[in-house]
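Let me begin by presenting the structure, written as structure tokens, before commenting on it.
Naming: A, B, ... by sequence-line order, numbering from 1 per chain.
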2 protein chains.
Amino acid sequence: MSPTDGPSAAPPATRMPVTRRPIERIKAMIAEGRLRPGDRLPTERDLAHEFEVSRSSMREAVRTLTTLGVLEVRHGAGVYVSSLRPADLLETFSVLAEISQGDTLIEVLQVRRMLEPAATALAAARATDAQLERVGAILDRISSGSGGRETVAADLTFHQAIVQITGNATLAAINEGLSSRTFNARVWRGHCADGQAARLRQDHERIYQALLARDPDAARAAATMHVMEVERWLRADLETATAEEAAAPGAAEAG
Amino acid sequence: MSPTDGPSAAPPATRMPVTRRPIERIKAMIAEGRLRPGDRLPTERDLAHEFEVSRSSMREAVRTLTTLGVLEVRHGAGVYVSSLRPADLLETFSVLAEISQGDTLIEVLQVRRMLEPAATALAAARATDAQLERVGAILDRISSGSGGRETVAADLTFHQAIVQITGNATLAAINEGLSSRTFNARVWRGHCADGQAARLRQDHERIYQALLARDPDAARAAATMHVMEVERWLRADLETATAEEAAAPGAAEAG
DNA sequence: GCACCGAACTGATCAGACCAATCGACGCGA
DNA sequence: TCGCGTCGATTGGTCTGATCAGTTCGGTGC
């Protein structure tokens, strides 16, 4: 065990960076329930005094906890404990999808291939009529679009809406983090260029039909096929990019 | 769509907080590949000058990106782009498991119930002899322990080792984020108190046997059973806690 | 009773100083 | 020549205090 274990295993006091003390203490207070969602913390100035650090350091601590989704800062109004809902705590997740390239994108898709089929099956079993109607409306927006921004946005919304039907906010937040606008835009652009946008539309239609039929098995299969289609495209795209890179290094993103 | 969409949809320039500009620009440079893993950035002072912000603000930006796992700072040495591996970018993930309570823990387990069976099945199909040997050694550490720290640590390692066999680092990082020492400790303590620690050991043994047999279906089933056992315990534990809370509000954690 | 305004509060940003860890050049001694 | 310690320059870490910019809320006047 490392000497830094435990929230307040004080004795050794391994000279942790000053900024870290407030972070750990506040996190611990929240984990222990002494601070609850929506609670307001003292002002930055008071906190700094309480933890015996300068205001700059206190601000860095607050910023860290804000980035983690644990705290919320309102200019002029104060620092508050966030709702602590999964969506808050997993907001940072999106950087993975934003920044990842190449092999990591494949890995991300493999994870989605584990989650989305299970989620879609669950949704098929639980969906209410109103929820299905909403999904149908989103599907119309995908179909009526021409592969541009609208379509990409609708596509993302489509999958999010389905995952939300499961009622599992954590699952929804994770799945949302595994998708990204930019990646989805690439997928659509690629399919349109190959004249295969119909494939994507058909995938979505099949998923929707499975939901309508409230058939979990069909939903699972349809979702699996869809993710696999995206994965198939990505693998092909990566190969092309690699080949172009080899032919003309450093100019892969042109056009 | 909100007016703040897009990384550099410049024209409106919606007066974003000063600190945010460097964050978005650096993130964009990384996403575009202009900054690569291991690259060193200019000093904080130079960066501040370049982005026309004060050093304090620049520091907050760097701090944010560090928290997100995108950058790495070495005291006295400089600021570097992290390896950008999933494990870096998903480090923040652990706060979810650390802080979550009640219903969110159930949700987390439901996600694990989607991931771990799939991962274990994949591991069964891919495991090498050396990897299996390592898992077996870890299993011995679980069995020889008595439910204390050692056991809990070995338990976590056991599952992580299996997921790592899949070769999917993103999956491994996500799954690790969905587990936490404190939660696992609670599970073991609870099972020991009920005299049911044998259940957990048997679950692990079954998973291991399925891996040895390189039987994905058996592995999937065994992993599912294991997560369900933990979920069963958690639901019972939550009910008990709720009941005690109702009887003696505010004293649930005593003893 | 209500809309408006301003003072007090609180976070956001800035500036400059000094502390602490790192790294590399230099020089001493084996 | 090689090895190692020292010292100074570089760079992140922390502190202080001032000023800018939203929020809140109570008072003021219609």
Once you round it to whole Å, what is the distance between P of C/dG11 and CD of B/E60? 13 Å

Is the shortest side-chain N to carboxylate O distance from B/E60 to A/R59 below 4.0 Å? yes

Determine whether a donor-acceptor pair (N or O, by modelled atom type, separation under 3.5 Å) exists between the side chain of A/H49 and the backbone of A/R45. no

Any A/S54 side-chain N or O less than 4.0 Å from OP1/OP2 of D/dC15: yes

The nucleotide from C/dG11, D/dT14, C/dC14 with an atom nearest the side chain of B/V18 is C/dC14

Rounding to a whole Å, what distance do you find between B/Y80:OH and C/dA21:C1'? 13 Å

Under 4.0 Å between a side-chain nitrogen and a carboxylate oxygen: does that hold for A/R235 and A/E231? yes

Choose from C/dA21, C/dG11, C/dA17 the nucleotide whose nearest atom is closest to any side-chain atom of A/V73. C/dG11

May I ask you to say what A/V62 touches in the nucleic acid, namely base, sugar-phosphate or nothing, with a heavy-atom cut-off under 4.0 Å? nothing

Any donor-acceptor N or O pair under 3.5 Å, side chains B/R63, A/T64: yes

Any side-chain N or O of A/R40 under 4.0 Å from OP1/OP2 of C/dT10? yes

Between CG on residue B/D88 and OG1 on residue B/T92, distance to nearest 0.5 Å: 11.0 Å

So for B/H75 and D/dG12, does any side-chain atom that can act as donor or acceptor lie under 3.5 Å from a complementary atom in the base? yes

Which ones in residues 44-53 of chain A lie close to DNA chain C, meaning a heavy atom under 4.0 Å from one of its atoms? A/E44, A/R45

Between the base of C/dA12 and the side chain of A/R55, is one N or O donor paired with an acceptor at under 3.5 angstrom? yes

Please give, in whole Å, the distance from D/dG12 P to B/L65 CG? 14 Å

Taken to the nearest whole Å, CZ/A/R20 to P/D/dG12 is 21 Å

Closest to the 5' end of DNA chain C, once A/G76 and A/S56 are matched to their nearest nucleotides, is A/G76

Tell me the interatomic distance from A/R59, atom CZ, to C/dT10, atom C1', rounded to whole angstroms. 11 Å

B/M58 has an atom CE; how far is it from atom P of C/dA12, in whole Å? 17 Å

Should B/E176 and B/V163 count as side-chain neighbours, where that means a heavy-atom distance under 4.5 Å? no

Against the six-membered ring of B/F51, is B/R21 placed for a cation-pi contact (under 6.0 Å from the centre, within 45° of the normal)? no

Does D/dG13 have its OP1 or OP2 closer than 4.0 Å to a side-chain nitrogen or oxygen of A/S57? no

Give the rounded distance in Å between these two atoms: CG of A/L41 and P of C/dT10. 13 Å

Roughly how many Å is it from CD1 in B/I23 to C1' in C/dA12, rounded to a whole number? 13 Å

